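The structure appears right after this line, and notes come after that.
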Amino acid sequence: MRKLVFLLCCVLLASLWGCSSSTSFLYANRDISLDPDDGVFLPGAQWRDMDGELIQAHGGQVQRMPVPDGSGGTVERYVWVGEDKRSGHLGNGVGVYTSEDLYHWDFHGDALRSVPSREALDQDSYFTALYAGYTPEQLDEVFAVLGADKVIERPKMLYNAATGKYVIWFHSDGPTAKNSYYYDIGMAGCAISDSPFGPFQLLGRYRLSQCPEDQIDCYPASKGEARDMNLFQDTDGTGYIVYTSENNKTLYISKLNSEYTYLSADPEEAVYGEDYIRIFPGAMREAPVLIRGDNGRYYLMSSSTTGWASNQARVWSADSIFGAWRNDGNPCVGDGASVTFDTQSTSLFQAENGQWIYYGDRWNGENLMDSRYIWLPVQFEGDRLTIRWQSRWSW
Ligand code: GAL
């Protein structure tokens, strides 16, 4: 009997030791699907839409915005846009979902579709209607950007109340004649629609702002690159694009024009500090997210640059968007903080009750469509943005 008690104690101690020496159980993936009716977030679980399909909105963004109500008007909903990774790494359409409570999500299809073949632009009625009047050369360019073998990543959407249009920007990439590497183009694509559900028409893709001549360019060989990116709409309606440039070495924030369809000024004419700024040149950050906190302060969260693998997050904050940015360090607190709880930043947004929510991707490089969405509550402690792990929580 004594032997049995001793053995049981050993097993108990061993399991306790296992728990305390390994923190991964805290934030590991779970082989369950979140049940939307439970009204809880289960970070690390699978998340399915109301048709039972895995939600396909990776590298995405959640926000409240007007959407069609089905009878000619609009209604406010949470809108989740992101990469539809059913096609794997390349040729991702932009999936759009809506929700009333942040737990139940309805899929509205790919609002910006990737183009399966060059012929589809001449033959498929979806594309012939969308690009009616385009010359063959213009259609070639659409295919060069949206073809099934191209990179379409980190799509974000803004609603422009003045024009009534919805605008998507995304990281547009692919190989060049010089280099077969899939990220050699380094541009930002822009598409527009009358509805958040599409169809979105490609307007073009661009190189963006450039390092001014009196500053040190960390990658002068390739001016105006734009890779991982995000959008931000300030309270006065001004739109901004925030992106990693200079071969991922330097983050930029550039003002958009009043329609959100291009920069506020051509890169050659843009005025540093009025149209754009660079932040911490050479810091090697990507996956940027820019918000304005309830205290009026701007917060810019980002990751380091390790592909699909997670790394440590960092936040900078500032009183004005083109002002002096302060390095606030790692916003994550507790076990797993050094790898952002095994996630990479993509969105920070507010629930209707004012609760700020962090949404990071936990990429699964082996099966990208089963990458998980990790949503965690955000607290503002003083003027610092902080994120702590929660295995189960509600807003
Ligand atoms: C990450 C980036 C992702 C994707 C990935 C590909 O660094 O944030 O959006 O591009 O690399 O390896």
Side-chain angles (χ1 to χ4, degrees), residues 55-62 80-95 112 114 145-157 168-176 179-189 205 208 218-219 222 225-231 241-252 279-280 282-290 300-315 331-332 338-348 358-374:
I55 291 177
Q56 290 302 312
H58 307 274
Q61 166 210 40
V62 176
W80 184 352
V81 302
E83 300 156 21
D84 178 347
K85 286 218 164 311
R86 284 175 299 182
S87 59
H89 183 186
L90 305 174
N92 300 153
V94 178
L112 174 66
S114 72
V145 178
L146 298 179
D149 60 346
K150 296 298 183 293
V151 169
I152 302 163
E153 287 181 351
R154 296 194 173 268
K156 306 289 180 304
M157 190 192 289
I168 286 179
W169 283 82
F170 60 99
H171 172 197
S172 170
D173 230 312
T176 56
N179 195 334
S180 58
Y181 169 58
Y182 269 101
Y183 292 92
D184 206 43
I185 285 174
M187 292 175 110
R205 71 171 166 189
L208 302 181
C218 297
Y219 198 63
S222 186
E225 277 185 1
R227 299 177 185 277
D228 279 10
M229 52 133 292
N230 218 312
L231 297 175
I241 180 165
V242 49
Y243 53 98
T244 183
S245 188
E246 301 175 11
N247 201 20
N248 278 352
K249 291 187 175 61
T250 305
L251 289 174
Y252 280 57
I279 299 180
F280 283 76
M284 293 284 309
R285 308 299 298 177
E286 63 179 3
V289 189
L290 177 59
L300 173 58
M301 183 170 176
S302 64
S303 75
S304 183
T305 54
T306 52
W308 304 122
S310 53
N311 53 56
Q312 192 171 113
R314 185 180 305 169
V315 165
C332 300
S338 62
V339 287
T340 322
F341 311 111
D342 196 11
T343 71
Q344 188 182 28
S345 44
T346 191
S347 186
L348 287 160
Y358 165 73
Y359 151 23
D361 294 290
R362 180 175 292 165
W363 297 111
N364 175 353
E366 305 296 309
N367 181 14
L368 283 164
M369 69 168 284
D370 189 28
S371 302
R372 305 288 166 94
Y373 310 105
I374 309 294

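Worth knowing before you read on, the calculation uses all heavy atoms, side chains too, and leaves out hydrogens, waters and symmetry mates. Read the numbers this way: they start at 1 and go in the same order the structure lists the ligands and their atoms. Treat the numbers as computed from the prediction; the structure is a model and nothing was measured.
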Legend entry - atom 5 (C) of ligand 1: nearest protein contact (heavy atom, Å): Trp308 CZ3, 3.5 Å
Legend entry - Nearest-contact summary for atom 8 (O) of ligand 1 - protein heavy atom, Å: Asp228 OD2, 2.5 Å
Legend entry - Side chain proximity check, Gln344 to Ser310, heavy atoms < 4.5 angstrom: no
Legend entry - Part of Glu286 with heavy atoms under 4.0 Å of ligand 1, whether side chain, backbone, both or neither: side chain
Inset, instruction - Could you tell me whether ligand 1 has any atom less than 4.0 Å away from a heavy atom of Thr305? - result: no
Inset, instruction - Go through the side-chain N and O atoms of Asp361 and Ser371 and say whether any donor and acceptor fall under 3.5 Å apart. - result: no
Legend entry - Residue part near ligand 1, for Gln344, under 4.0 Å between non-hydrogen atoms: side chain
Inset, instruction - Would you mind listing which atoms of ligand 1 come within a distance below 4.0 Å of any non-hydrogen atom of Gly307? - result: 1 (C), 7 (O), 11 (O), 12 (O)
Legend entry - Tyr243-His171 aromatic ring centre distance below 6.0 Å: no
Legend entry - Candidate pair Thr305 and Asn248, rule side-chain hydrogen bond (donor to acceptor under 3.5 Å, both in side chains), full reasoning: CA-CA 7 Å; Thr305 54; Asn248 278 352; 5.2 Å; no
Legend entry - Protein heavy-atom partner closest to atom 4 (C) of ligand 1 - residue, atom, separation in Å: Glu153 OE1, 3.4 Å
Legend entry - Ser347 side chain vs Val62 backbone, donor-acceptor pair below 3.5 Å: yes
Inset, instruction - Please indicate whether any nitrogen or oxygen in Glu83 is less than 3.5 Å from any nitrogen or oxygen in ligand 1. - result: no
Legend entry - Check ion pair Lys150-Asp173 (N to O, under 4.0 angstrom): no
Inset, instruction - Side-chain contact test, heavy atoms from C-beta onward, threshold under 4.5 Å: evaluate it for Ser345 versus Val289 and give yes or no. - result: yes
Inset, instruction - Select one of side chain, backbone, both or neither to describe which atoms of Arg154 lie under 4.0 Å from any atom of ligand 1, heavy atoms only. - result: side chain
